[in-house]
Amino acid sequence: MKKLIEKIYSRPARPGMVGDGFRVFNYFPNAELTQKRVSPFLLLDFNAEYDFGPSDHIRGVDVHPHKGFETVTIAYKGSVAHHDSTGNSGVINPGDVQWMTAGAGILHKEYHEESFSKKGGPFEMVQLWVNLPAKDKLTAPKYQPLTADQMGKVTLPDNGGVVNIIAGNFNENKGPATTYTPVNLFDIRLNKGGKLSTDIPVTHNSILLVIEGKVTVNGEEAGAHDFVLFKNEGEEISITAGEDSVVLLLSGEPIDEPIAQYGPFVMNTQQELQVAFREFQSGKFGVLE
């Protein structure tokens, strides 16, 4: 049975700035799309293609803390560098993914990679926050650098395109990311007329973002920057591209636990949030300049 579509959302009316380097449209959470409805996902920010122009000033987000969840940055255009207080650092280029588990607490900063910043050019990214279950919220921080050549790849028939599997399982093909709860994350590149079909568990909360192009999803049309929310009914998702298109498909098993959030801290109770504040203020998350 095809997975039924609950609603197709247009791109939010106005972008917001995260630091001075990320011009993002926030698709959730909001009054209609709550974190419970899209669990285990907590936030989706889309930096739709934008040319920041050449700059000697390196734009980005300065040092900030995280605790209790994971951040996933997917690079489509442009390059992002990052550092954290555990000593990890790296650069992601188009097709790469930065998957950071904040866990018990970390300091982090991310910014336009220096050579990209100096020459400028189109910049397009997605940042996703993925919740951790209570039993894993205090796991040691870690970083998974996932390069484009590491992704699981499925070439679609009839020159239909390619599916880059970041996490989870697409038609018995697996992605490289390790996750704490069942999560699928697929970067789908379709040529005009390209088709694919895959089954997503009925229990998963499932969403699709059209990065570029125009597609038909289970019989309904979705254009560039549209966001498709599926009902938890049916399993099959079929996509046909009306033109060359890039689509992000994500799904996950809901985490049926309370969510207590204050900014970059996501715990289960208000008491745990207070602990996070104290740990951050006392320097327990380490040092990052």
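FYI, the numbering just counts along the sequence from 1.
Between the side chain of T139 and the backbone N or O of K137, no donor-acceptor pair lies under 3.5 Å. Of the possible polar contacts, one joining the N232 side chain to the H204 backbone as a donor-acceptor pair under 3.5 Å is found. Side-chain atoms of D96 come within 3.5 Å of backbone atoms of N93 as a donor-acceptor pair (strictly under, hydrogens ignored). At least one donor-acceptor pair closer than 3.5 Å links the side chain of H64 to the backbone N or O of D62. Judged by distance alone, the side chain of N47 and the main-chain N or O of Y50 form no donor-acceptor pair under 3.5 Å. For the pair S55 (side chain) and H57 (backbone), a donor-acceptor distance under 3.5 Å is present. Side chain of D20 to main chain of G60: a donor-acceptor pair is present (N/O by atom type, distance under 3.5 Å, no hydrogens or angles). With hydrogens and angles disregarded, a donor-acceptor distance shorter than 3.5 Å links the side chain of N218 to the backbone of S238. In this structure, the side chain of K142 does not engage the main chain of A102 through any donor-acceptor pair within 3.5 Å. Remark: side-chain polar atoms of S245 are paired, donor with acceptor, to backbone N or O of K214 under 3.5 angstrom.
Hydrophobic clustering (ILVMFWY, side-chain heavy atoms < 4.5 Å, transitive): W99 and I165 are in distinct clusters. Linking Ile, Leu, Val, Met, Phe, Trp and Tyr whenever their side-chain heavy atoms come within less than 4.5 Å puts Y27 and I74 in one cluster. One hydrophobic cluster holds both L146 and L250 under the rule that ILVMFWY side chains link at heavy-atom gaps under 4.5 Å. A continuous path of hydrophobic side-chain contacts links F28 to L209 [ILVMFWY only; heavy atoms under 4.5 Å]. Put simply, L190 and V217 are part of the same group of oily side chains (I, L, V, M, F, W, Y) that touch within less than 4.5 Å, one to the next.
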(message) Let's go through Y111 and V80 carefully: what are the C-alpha distance in whole Å and the side-chain angles of both, what is the deciding distance for side-chain contact (heavy atoms from CB on, under 4.5 Å) to 0.1 Å, and is it a yes or a no?
(response) CA-CA 6 Å; Y111 42 91; V80 169; over 6 Å; no
(request) Show your reasoning for whether ring-ring contact (aromatic ring centres under 6.0 Å, His included) applies to H82 and H108. (result) CA-CA 7 Å; H82 84 108; H108 187 238; 5.3 Å; yes
(request) Report the C-alpha distance between F69 and V130 in whole Å, list the side-chain angles of each, state the deciding distance to 0.1 Å, and finish with yes or no for side-chain contact (heavy atoms from CB on, under 4.5 Å). (result) CA-CA 6 Å; F69 65 101; V130 183; over 6 Å; no
(message) Using the rule given for salt bridge (charged side-chain N to carboxylate O under 4.0 Å, His left out), can you reason through K135 versus E257, listing the C-alpha separation, both sets of side-chain angles and the distance that settles it, and then say yes or no?
(response) CA-CA 11 Å; K135 67 182 182 63; E257 296 173 353; over 6 Å; no
(request) Check step by step if salt bridge (charged side-chain N to carboxylate O under 4.0 Å, His left out) holds for E236 and K3. (result) CA-CA 5 Å; E236 184 186 359; K3 196 174 283 290; over 6 Å; no
(request) Please report the C-alpha distance between F25 and F46 in whole Å, then the side-chain angles of each, then the deciding distance to 0.1 Å, and finally whether the ring-ring contact (aromatic ring centres under 6.0 Å, His included) criterion is met. (result) CA-CA 5 Å; F25 295 90; F46 175 36; 7.2 Å; no
(message) Evaluate E114 against S117 for side chain to side chain donor-acceptor pair (under 3.5 Å), listing each step before the verdict.
(response) CA-CA 5 Å; E114 186 175 4; S117 183; over 6 Å; no
(request) Go through the steps for L128 and T71 under the test side-chain contact (heavy atoms from CB on, under 4.5 Å), then give the verdict. (result) CA-CA 6 Å; L128 184 68; T71 68; over 6 Å; no
(request) Evaluate the side-chain contact (heavy atoms from CB on, under 4.5 Å) criterion for residues V266 and I259: first the C-alpha distance (whole Å), next the side-chain angles of each, then the deciding distance (0.1 Å), finally the verdict. (result) CA-CA 7 Å; V266 183; I259 296 173; 4.0 Å; yes
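Rounding to the nearest 0.5 angstrom, the gap separating the OG1 atom in T101 from the CG atom in L132 is 6.5 Å. To the nearest 0.5 angstrom, S85 atom OG is 12.5 Å from K284 atom NZ. Residue E32 holds its CD atom at 10.0 Å from OG1 of T34, rounded to the nearest 0.5 Å. In this structure, CG in L229 is found 7.5 Å from CD1 in I207, a value given to the nearest 0.5 Å. With values rounded to the nearest 0.5 angstrom, Q144 atom CD is found 8.5 Å from T179 atom OG1. Atom-to-atom distance recorded for N205:CG and S251:OG is 9.0 Å, nearest 0.5 angstrom.
By the 4.5 Å heavy-atom criterion applied to side chains, T86 and I106 are counted as neighbours. Inter-residue side-chain proximity for F227 and I8 is flagged as unmet; no heavy-atom pair is nearer than 4.5 Å. At a threshold of 4.5 Å between non-hydrogen side-chain atoms, the residues E212 and E243 do not count as touching. Side-chain contact between N164 and K153 is present, with at least one heavy-atom pair separated by less than 4.5 Å. L107 is listed as a side-chain neighbour of F280, based on a closest heavy-atom distance under 4.5 Å. Within the 4.5 Å cutoff, no side-chain heavy atoms of F41 are placed close to those of Q35. R37 has its side chain out of reach of S39: every pair of non-hydrogen atoms, C-beta onward, lies at least 4.5 Å apart. Side chains of P133 and T181 form a contact here, defined as non-hydrogen atoms less than 4.5 Å apart.
Open room surrounds OH on Y262; 12 or fewer heavy atoms of other groups in view lie less than 6.0 Å from it. By the neighbour-count criterion of 12 heavy atoms within 6.0 Å, atom NZ of K195 is sparsely surrounded, having that number or fewer from other residues, nucleotides or ligands. Counting non-hydrogen atoms of neighbouring residues, nucleotides and ligands closer than 6.0 angstrom, the CG atom of D256 reaches no more than 12 such neighbours. Within a 6.0 Å sphere centred on NZ of K2, other residues, nucleotides and ligands contribute more than 12 heavy atoms.
When hydrophobic residues (I, L, V, M, F, W, Y) are linked wherever their side-chain heavy atoms come within less than 4.5 Å, V162 remains an isolated member. As a member of the Ile/Leu/Val/Met/Phe/Trp/Tyr network built from side-chain separations under 4.5 Å, M1 groups with L4.
When all heavy atoms of V210 and A222 are compared, the closest pair comes out as CG2-CB, 4.0 Å. Closest approach of V215 to A241, counting heavy atoms only: CG1-CA, 4.1 Å.
Between F123 and Y76, the ring center distance fails the sub-6.0 Å criterion.
Ring geometry, F265 versus F285: the interplanar angle exceeds 60°, so the pair is classed perpendicular (tilted spans 30 to 60°).
With sequence neighbours left out, N171 forms a side chain to side chain donor-acceptor pair (under 3.5 Å) with T198.
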